[in-house]
Number of protein chains: 2
Amino acid sequence: MQALKKRVSVKRDDPHKAPKGSGRRPRRAAYHQGLSRDTIAAAALALIDRDGLDALSYRRLAEALGCEAMSLYHYFPSKGHLTDAIIDCVFGALEVPLPGPPWIERVRLAARNYRAMALGHPKLYPLMAVHRMNTVIGVRKLDEIIGLFREGGFDDATAARLFRDVGYYLTGAALDETAGYAKGPSSAEPVSDEAIARDCPNLAAVAGYFKPDSFAPTFEQGLDLLLEGIARLRKKA
Amino acid sequence: MQALKKRVSVKRDDPHKAPKGSGRRPRRAAYHQGLSRDTIAAAALALIDRDGLDALSYRRLAEALGCEAMSLYHYFPSKGHLTDAIIDCVFGALEVPLPGPPWIERVRLAARNYRAMALGHPKLYPLMAVHRMNTVIGVRKLDEIIGLFREGGFDDATAARLFRDVGYYLTGAALDETAGYAKGPSSAEPVSDEAIARDCPNLAAVAGYFKPDSFAPTFEQGLDLLLEGIARLRKKA
DNA sequence: ACCTGAACACCGTTCAAGT
DNA sequence: ACCTGAACACCGTTCAAGT
């Protein structure tokens, strides 16, 4: 994933080499204060949203925050800790519908909320998709979603499987819409449209249905298939 | 993704500093020959399969091949080109069932083949999942799969959507089985089992169904839901 | 407790030079 | 045509030191 972006060698000037005061000896930037886990994680998320996953480094994040890179280690002792916090921010805000509406509609709404969450942070999502939720906030959100499935009236084994099956669909859909075909070529040497027209008749025939305005109907069709199947399972149980 | 692995600082000795001949001036390693795109890509895949995605670097790959890192640039002018070739190796080998069996069973078989492909290279798959297929081999394989869906007798719009919907499910399932919950903690500070038992009653209740021996039934249940829905759509059309 | 600078072991990639 | 070494601009992270 990190491999596909070209390195640009802009020589960013060292802020300590010739500080704006330009006194005799290099004056230091003001001793920074007022960092916190929340502000750092929020700045990191904003950096990803704007410049993409590869732009997130301790050095660049520190620059955005006006502190030194090493200061961040006091709050996040490794990049893994920071990643966890960023994802907590986004995943923790996912709304799981409370009891009230018909059960199957609650699942449908939860699915749509998940999709909206991913589309709200398209550059972050590919990291979320391969990330395992194992923070306090993460497992509690998972617990909430599993609870929704258990309220469907299945035995636990079926509820557990349905939770995962719907999750599979949502993960794949969100990944496709954020990192997939519509995002432009990620290959180093993309195949030309002419070559596709010549060698890939099926792909050429349906290419029109792979554009962004087909995303929502594609998502809804698959969700319908799953939810209808689940509703039928429910009646049998 | 690359962030979560600890850097170990083993000091690997420079092979050119004190060559085994140990003559007066540093004798060079034999001028290497016989590299090719195929052997390099195969070695890269083997390296990933054994040591994981993070282990793939031009320097380490060159070490495995007995050449210098820079030699590889002659065959793959960037890591993106190499990544494309590795994924072509695996995705290009996916078998899409030919006409013969009932159509819905061909789709089922293709789905199982896809899962088997992912499980055959579990450490590579998370990269495949976020990778866009845009090589000649990649788009031809996609064309083949889209062809299968078009043979189902739907209008093109529906066939295109079903192709994607099934793909969503397969991507999510394969990702979960290769990078997901069962892989052990990826979080920097994983939540303890006691904390889960205390705070996450739903998760605790179904945790037994998230173990590896539940993967296959979970996969088959979701696949059944989708395929039954698709079969019903077909009758209506 | 919180922040900093220098240093280390890695990366991908460029370039000029060897065979 | 194919292979190499040195160099550059990045990384994440450690450490000893500052406030």
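Labels below follow one simple rule: chain letters A, B, ... track the order of the sequence lines, proteins then strands, and each chain is numbered from 1. The figures that follow rest on heavy atoms only: side chains count, while hydrogens, waters and symmetry mates do not. Just so you know, these numbers come straight off a predicted model, no measurement behind them.
Atom pair B:Phe76:CZ and C:dG12:C1' shows a separation of 16 Å (rounding to whole Å applied). Taking atom CD on B:Glu68 and atom C1' on D:dC3, their separation rounds to 9 Å, with Å as the unit. A:Ile40 has its CD1 atom 11 Å from the C1' atom of C:dC2, to the nearest Å. Distance A:Arg37 CZ to C:dC2 C1': 15 Å, rounded to the nearest Å. Rounded to an integer number of Å, the gap from A:Asp51 CG to D:dC10 C1' is 16 Å. In this entry the distance linking CG of B:Asp54 with P of C:dG12 reads 11 Å, nearest Å. At whole-Å resolution of the value, NZ in A:Lys79 and P in C:dC10 are 18 Å apart. If you measure from atom NE2 of A:His74 to atom C1' of C:dC2, you get 5 Å, rounded to the nearest angstrom.
Residues satisfying the side-chain hydrogen bond (donor to acceptor under 3.5 Å, both in side chains) criterion with B:Tyr114, sequence neighbours excluded, are B:Tyr125. Take B:Ala69 and apply the side chain to side chain contact (heavy atoms under 4.5 Å, CB included) test, not counting sequence neighbours, and it matches B:Tyr58, B:Arg59, B:Ala62. A:Thr218 pairs by the side chain to side chain contact (heavy atoms under 4.5 Å, CB included) definition with A:Ser214, B:Arg161, B:Arg164, B:Asp165, B:Tyr168, not counting sequence neighbours. Scored by the side-chain hydrogen bond (donor to acceptor under 3.5 Å, both in side chains) test, B:Asp38 finds no partners at all (sequence neighbours excluded).
Annotation: salt bridge (Lys or Arg N to Asp or Glu O under 4.0 Å) contacts involving residues 186-199 of chain A, sequence neighbours excluded, comprise A:Asp199-B:Arg140.
At the heavy-atom level, A:Leu56 lies under 4.0 Å from the strands shown only through sugar-phosphate atoms.
For A:Asp88 and A:Thr135, the side-chain atoms include at least one donor-acceptor pair closer than 3.5 Å.
The side chain of B:Tyr58 lies closest to C:dG12 when the candidates are C:dG12, C:dT4, D:dC11. Nearest to the side-chain atoms of B:Tyr73 among the listed nucleotides C:dT14, D:dG12, D:dT4 stands C:dT14. Out of C:dT4, D:dT4, D:dT13, the shortest distance to the side chain of A:Ser71 is found at C:dT4. The A:Arg60 side chain lies nearest to D:dC11 when the options are C:dT4, D:dC11, C:dC3. The listed nucleotides are C:dG5, D:dC2, C:dC11; the one nearest the side chain of A:Met70 is C:dG5.
Salt bridge absent: A:Glu63 and A:Arg60 never bring a charged side-chain N and a carboxylate O closer than 4.0 Å.
The residue among A:Arg59 and A:Ala69 whose nearest nucleotide of DNA chain C is located toward the 5' end is A:Ala69.
Taking a pair as Watson-Crick or G-U wobble with both distances under 3.5 Å, DNA chain D forms stems of 3 or more consecutive pairs at C:4-8 with D:12-16, C:12-16 with D:4-8.
For D:dC3, the OP1/OP2 oxygens have a side-chain nitrogen or oxygen of B:Tyr75 closer than 4.0 Å.
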